[in-house]
Amino acid sequence: MAAKSKSDKIVAIEERYQLATYKKMPVVAERGEGVWLFTSDGGRYLDLYGGHAVAGTGHCHPHVVSAIKNQADQLLFYSNLVYSEARAHAAEKLVSIAPESLTKAFFCNSGTEANENAMRMARMATGRENVITFGGGFHGRTADAISATFLGKYREIGKPNVPGHLKADFGDIETVRAVADESVAAIMLEPIQSMAGIKMAEPSFYRALRELCDERGIVLIYDEVQTGVGRTGEWFFAGSDAGDGVVPDIVTLAKALGSGIPVGACLVTEKISSQIKENDLGTTFGGGMMAMAAVTATLEAIENDGMLANVREVEAHLRARLKEVEQVVAVHGKGFLLGLEFADKAKPTHEALLEEKVITGTSSDPRVLRLLPPLCLQKDQIDLFVDTLGKVFAQS
Ligand SMILES: Cc1ncc(COP(=O)(O)O)c(C=O)c1O
């Protein structure tokens, strides 16, 4: 019998001891560099899924790695009961790149936690209970966030659901108006719905939401867990032209914010922050030094390397090249949050690309393949992807 490879052994151990909650790709990740992921059996993959939209700065960006190493030598952790230079810098830097009206940061550990805290702040600030979210939106898996998630079976998984959640149709302001009565504390949305298959609304929809919120005293929350931190070629969807310049009252962030060190955040206006008192919100690990060092270094790396401009330029190149691929009937999204719509199911293409060592993502729309690559992806890597896509279709 042939000896088991290192990869086979790792797979066997993980299958044996880890709860099987994810359908895994047959990839044993060992090392990363920029857009490349190296496996323990010597393979090299072009990572257009960016480690689940987390590797915004690319895998192991040297500036981020060095900041984390330096911080690890200094102090791993102390909570919000003390001040810290790492936290002061991260909060200042994050607020400095945010739209002007978002003046304070609350730090937590994940996207779902950021959304839970955003909804809680809205309820505290308005004294109301209900939150409107949208069909197709995904907001996380903890109780309140999963109850706000009207996508596929997620809400069902979270039963019994938390009360206080209302549903409207994404892109249709009349359905929002119909439920936005005086019981409503917040309207929360993914400004580009990612898991749903990269769905965007018209700029006028975001403007209409802002006007409705202002008119009825409702807090507007953008869940920018995926769209934030440069992914659309802007720092945030909030304030961007694609959303008619609309700035919400709260922006939630996670994923790419720490380049892989778990961290989430809420950015809030003065009006909201003035309603939040000591002990209203909290979490032991939020604002810890390792996460804070990662946040500052992540934002600096994006800035120093001109990644926002890179995203816009390389997106244009990708869109132009994809015109050559007749099986791609539409390209949805913005920047490096893109959905390639095929005439047929996307899954076989996702699998065939993986065979060719290109990692992409699927979505809950069976015809849409998702790309969430690192913001440092280059044009020649796009060429490699499009050529591989052509090859895969030629073989099928
Ligand atoms: C838009 C959006 N919001 C919230 C979440 C939840 O984030 P986390 O998995 O960090 O809790 C996700 C995760 O995929 C997401 O895509």
Side-chain angles (χ1 to χ4, degrees), residues 19 21-23 49-56 106-122 131-155 157-158 162 165 170 186-201 206 220-232 236-238 242-243 248 250-267 283 285-286 288 291 294-295 298 332-339 360-365 368 370-373:
L19 203 62
T21 55
Y22 279 84
K23 169 129 189 64
Y49 196 53
H52 224 121
V54 168
F106 169 77
F107 290 110
C108 53
N109 309 285
S110 64
T112 197
E113 202 187 344
N115 288 335
E116 297 255 341
N117 282 288
M119 289 188 281
R120 187 167 297 168
M121 281 192 263
V131 175
I132 299 174
T133 48
F134 294 88
F138 180 84
H139 300 293
R141 290 170 180 265
T142 48
D144 208 9
I146 208 166
S147 302
T149 293
F150 293 96
L151 173 72
K153 291 208 167 77
Y154 286 103
R155 230 171 162 262
I157 296 168
V162 173
H165 289 280
F170 188 60
I187 297 174
M188 181 164 78
L189 62 149
E190 276 183 275
I192 302 176
Q193 292 188 334
S194 180
M195 291 246 284
I198 315 289
K199 307 262 191 295
M200 267 174 98
Y206 307 97
L220 184 60
I221 304 171
Y222 278 6
D223 173 346
E224 295 221 43
V225 166
Q226 293 222 12
T227 55
V229 199
R231 182 148 298 285
T232 64
F236 305 102
F237 188 91
I250 306 180
V251 164
T252 64
L253 303 168
K255 295 253 191 226
L257 184 58
S259 294
I261 300 292
V263 57
C266 299
L267 285 168
T283 167
F285 289 117
V295 168
T298 295
H332 304 284
K334 189 167 175 348
F336 282 176
L337 182 58
L338 293 175
T360 56
T362 52
S363 74
S364 66
D365 184 331
V368 172
R370 273 190 306 166
L371 305 183
L372 310 126

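Counting starts at 1 for both ligands and their atoms, following the listed order. Reckoned from all heavy atoms, side chains included, excluding hydrogens, waters and symmetry mates. Bear in mind the structure is a predicted one, so any value in this text is a computation, not a measurement.
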Element-labelled atoms of ligand 1 that are located less than 4.0 Å from some non-hydrogen atom of His139: 3 (N), 4 (C)

The atoms of ligand 1 lying under 4.0 Å from a heavy atom of Ser110, numbered in the order shown, are 10 (O), 11 (O)

Would you confirm whether any non-hydrogen atom of the protein falls under 4.0 Å from atom 9 (O) of ligand 1? no

Under 3.5 Å side-chain donor-acceptor pair for Thr142 and Glu113: no

Tell me which protein heavy atom sits closest to atom 11 (O) of ligand 1, plus the residue, atom name and distance to 0.1 Å. Thr112 N, 2.9 Å

Show me which atoms of ligand 1 lie under 4.0 Å from any heavy atom of Glu190. 1 (C)

Would you mind checking which non-hydrogen protein atom is closest to atom 13 (C) of ligand 1, with the distance to 0.1 Å? Lys255 NZ, 3.4 Å

For a quick test of reading the model, state the closest non-hydrogen atom pair linking Ile198 to Ile192 and the distance between them. CG2-CG2, 4.0 Å

Nearest-contact summary for atom 3 (N) of ligand 1 - protein heavy atom, Å: Asp223 OD2, 2.8 Å

Taking the side chain as everything from C-beta on, heavy atoms only, tell me whether Leu337 gets closer than 4.5 Å to Gln226. yes

For Glu113 and ligand 1, answer yes if some heavy atom of the residue is under 4.0 Å from a ligand atom, otherwise no. no

Sub-4.0 Å atoms of ligand 1 with respect to non-hydrogen atoms of Val225: 2 (C), 3 (N), 4 (C), 5 (C), 12 (C), 15 (C)

Is the Phe237-Tyr206 ring centre distance short of 6.0 angstrom? yes

I need the atoms of ligand 1 closer than 4.0 Å to a non-hydrogen atom of Asn115, numbered in the order shown. 3 (N), 4 (C)

For Phe150 together with Phe134, are the ring centres under 6.0 Å from each other? no

Counting non-hydrogen protein atoms only, what is the nearest one to atom 7 (O) of ligand 1? Give residue, atom name and distance. Gly111 CA, 3.3 Å

Go through the side-chain N and O atoms of Thr360 and Arg370 and say whether any donor and acceptor fall under 3.5 Å apart. no

Looking only at protein heavy atoms, which one is nearest to atom 16 (O) of ligand 1, and what is the separation? Gln226 NE2, 2.8 Å

Assess, by modelled atom type and distance only, whether the side chains of Asp144 and His139 contain a donor and an acceptor separated by less than 3.5 Å. no

Could you go through Thr227 and Thr232, starting from their C-alpha distance and side-chain angles, then the distance that decides it, and tell me whether this counts as side-chain hydrogen bond (donor to acceptor under 3.5 Å, both in side chains)? CA-CA 6 Å; Thr227 55; Thr232 64; over 6 Å; no

